[in-house]
Amino acid sequence: METNLPFSGRRKLLRAGFSLSALGLLGGCDLTDNDPVQKVLKSVSRWNDQVQAAIFNPNALAPEFAESQAVRDFRYNAWYGADLAPKLSASDYRLAVAGLASNKKPWTVEELYALPQVSQITRHVCVEGWSMIGKWSGTPLREFLTRIGADTTAKYVGFECADGYYESLDMPTAMHPQTLMAFRLSDQILPNKYGYPFKIRVPTKLGFKNPKFVTTIFVSNQQPRGFWTDRGYNWFSGI
Ligand SMILES: Nc1nc2c(c(=O)[nH]1)N[C@H]1C(S)=C(S)[C@@H](COP(=O)(O)O)O[C@H]1N2
Ligand SMILES: [Mo]
């Protein structure tokens, strides 16, 4: 997929990719569970996160598309089947706020849905090899972070979800104008399986960094974990 990285950023990434394959760390070689190999891979991955964070341009926008290009029957994905997706109800649901924020009052669905809203038609890219253009509407996450008095000089925003999933974003991505708390998909209130009452929609990141059924948002200076990052995927995972 086309990215909006500046040219120098692409060159840096290419060079990084080239030296990794030259070292034999990517493709072809036999990776074992043995400790030194894992340690090298982990440090390469951390270094890769740092490179990606350094070249991330907080003002570069993900491409937006025409209304007619948005798919209406969007593909569902999670590590379990759609019938097992959490069914949260507006009457019981509360969004918890934790960490470096001055207003930790929990939020009801009604309060969330009363926030100012925008729409975006962007491409969702799943690491499993499919992508789809969808229309999401909701409030920019930065608007919410302002309302909760988040310390936006902190480094990370973390998310916990009703299905046990967890994710996190670097602060520049959390504050990015296209990063939304999305309440609607194709103009409909998010159906359960797509993340009701909201999903974090991040068009500058791979699909797995778009957590659904979020129940806690927290602000931290310690890098929070991510469900797929704990299973070997790169934490930054920009597109
Ligand atoms: N809570 C939660 N969020 C999640 C996931 C999940 O399993 N649980 N899967 C991620 C992955 S890998 C993808 S591709 C997208 C799929 O979102 P969709 O069902 O709206 O297409 O959700 C992401 N967010
Ligand atoms: Mo995904």
Side-chain angles (χ1 to χ4, degrees), residues 1 3 45 52 62-65 69-90 92-98 107 109 112-113 117 119-139 141 144 156-170 173-174 176 178-218 224-239:
M1 192 208 142
T3 66
S45 179
Q52 290 193 58
E64 301 213 10
F65 300 87
Q69 292 172 281
V71 167
R72 298 199 71 89
D73 54 339
F74 206 82
R75 181 158 162 177
Y76 162 83
N77 200 26
W79 80 91
Y80 49 81
D83 46 326
L84 295 175
K87 292 181 181 58
L88 303 178
S89 79
D92 304 334
Y93 177 88
R94 295 293 180 275
L95 171 66
V97 172
W107 290 65
V109 174
L112 290 170
Y113 285 14
Q117 294 180 37
S119 290
Q120 65 169 248
I121 300 165
T122 52
R123 186 185 292 278
H124 171 112
V125 182
C126 175
V127 76
E128 289 169 52
W130 58 276
S131 83
M132 246 179 210
I133 294 170
K135 179 180 183 183
W136 288 271
S137 314
T139 202
L141 181 59
F144 181 77
Y156 307 101
V157 179
F159 309 93
E160 287 166 12
C161 309
D163 59 351
Y165 198 81
Y166 46 95
E167 250 313 330
S168 49
L169 296 171
D170 53 288
T173 300
H176 187 279
Q178 289 171 311
T179 298
L180 304 185
M181 287 170 105
F183 307 137
R184 289 172 185 265
L185 173 63
S186 308
D187 300 315
Q188 309 297 317
I189 296 288
L190 271 190
N192 288 312
K193 64 179 179 176
Y194 297 114
Y196 181 87
F198 70 91
K199 88 179 280 183
I200 299 292
R201 174 67 195 131
V202 194
T204 55
K205 295 282 187 198
L206 287 173
F208 74 80
K209 293 199 73 80
N210 291 236
K212 309 192 282 187
F213 340 100
V214 175
T215 51
T216 301
I217 295 186
F218 63 98
R225 292 157 52 194
F227 183 89
W228 287 112
T229 299
D230 281 350
R231 286 154 183 80
Y233 287 98
N234 190 248
W235 180 80
F236 196 86
S237 286
I239 51 175

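Start at 1 and go down the list; that is how both ligands and their atoms are numbered. Everything numeric here is computed off the predicted structure, so don't read it as measured data.
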Test item: side-chain donor near acceptor, [X] and [Y], under 3.5 Å:
X: R123; Y: S131; result: yes
X: W235; Y: S168; result: yes
X: E167; Y: N210; result: no
X: Q188; Y: S186; result: no

To the nearest 0.1 Å, how far is [atom] from its closest protein heavy atom, and which atom is that?
atom: atom 16 (C) of ligand 1; result: N77 O, 3.5 Å
atom: atom 10 (C) of ligand 1; result: Y165 OH, 3.5 Å
atom: atom 8 (N) of ligand 1; result: D163 OD2, 2.8 Å
atom: atom 24 (N) of ligand 1; result: N210 O, 2.9 Å

Considering only heavy atoms of [X], which atoms of ligand 1 have at least one such atom less than 4.0 Å away?
X: F74; value: 21 (O)
X: C161; value: 1 (N)
X: P211; value: 3 (N), 24 (N)
X: W79; value: 7 (O)
X: A78; value: 6 (C), 7 (O)
X: F208; value: 10 (C), 11 (C), 12 (S)
X: C126; value: 14 (S)

> N/O to N/O below 3.5 Å, does that happen between Y76 and ligand 1?
Replying inline: no
>> I need the contact type for F227 against ligand 1. Using non-hydrogen atoms and a strict under-4.0 Å cut-off, is it side chain, backbone, both or neither?
In response: neither
> Side chain or backbone of H124 under 4.0 Å from ligand 1, or both, or neither, by non-hydrogen atoms?
Replying inline: side chain
>> If you take the nearest heavy atom of each of R75, K212, M132, which one is closest to atom 3 (N) of ligand 1?
In response: K212
> What is the distance from atom CG of N192 to atom NZ of K212, rounded to the nearest 0.5 Å?
Replying inline: 10.5 Å
>> Taking the six-membered ring of F236 as reference, does the cationic atom of K205 (NZ for Lys, CZ for Arg) lie under 6.0 Å from its centre and within 45° of its axis?
In response: yes
>> Looking at F227, I'd like to know if the NZ or CZ of R231 sits under 6.0 Å from its six-membered ring centre while staying within 45 degrees of the ring's axis.
In response: yes
> Given the rule in the side-chain contact (heavy atoms from CB on, under 4.5 Å) test, do Q117 and F183 qualify, once you have shown the distances and angles that lead to the verdict?
Replying inline: CA-CA 9 Å; Q117 294 180 37; F183 307 137; 3.5 Å; yes
>> For S119 and R184: C-alpha separation, side-chain torsions, deciding distance, then whether side-chain hydrogen bond (donor to acceptor under 3.5 Å, both in side chains) applies.
In response: CA-CA 9 Å; S119 290; R184 289 172 185 265; over 6 Å; no
> Where the side chain of D163 meets the backbone of P86, is there a donor-acceptor pair that is under 3.5 Å apart?
Replying inline: no
> Under 4.0 angstrom from ligand 1, any heavy atom of K199?
Replying inline: yes
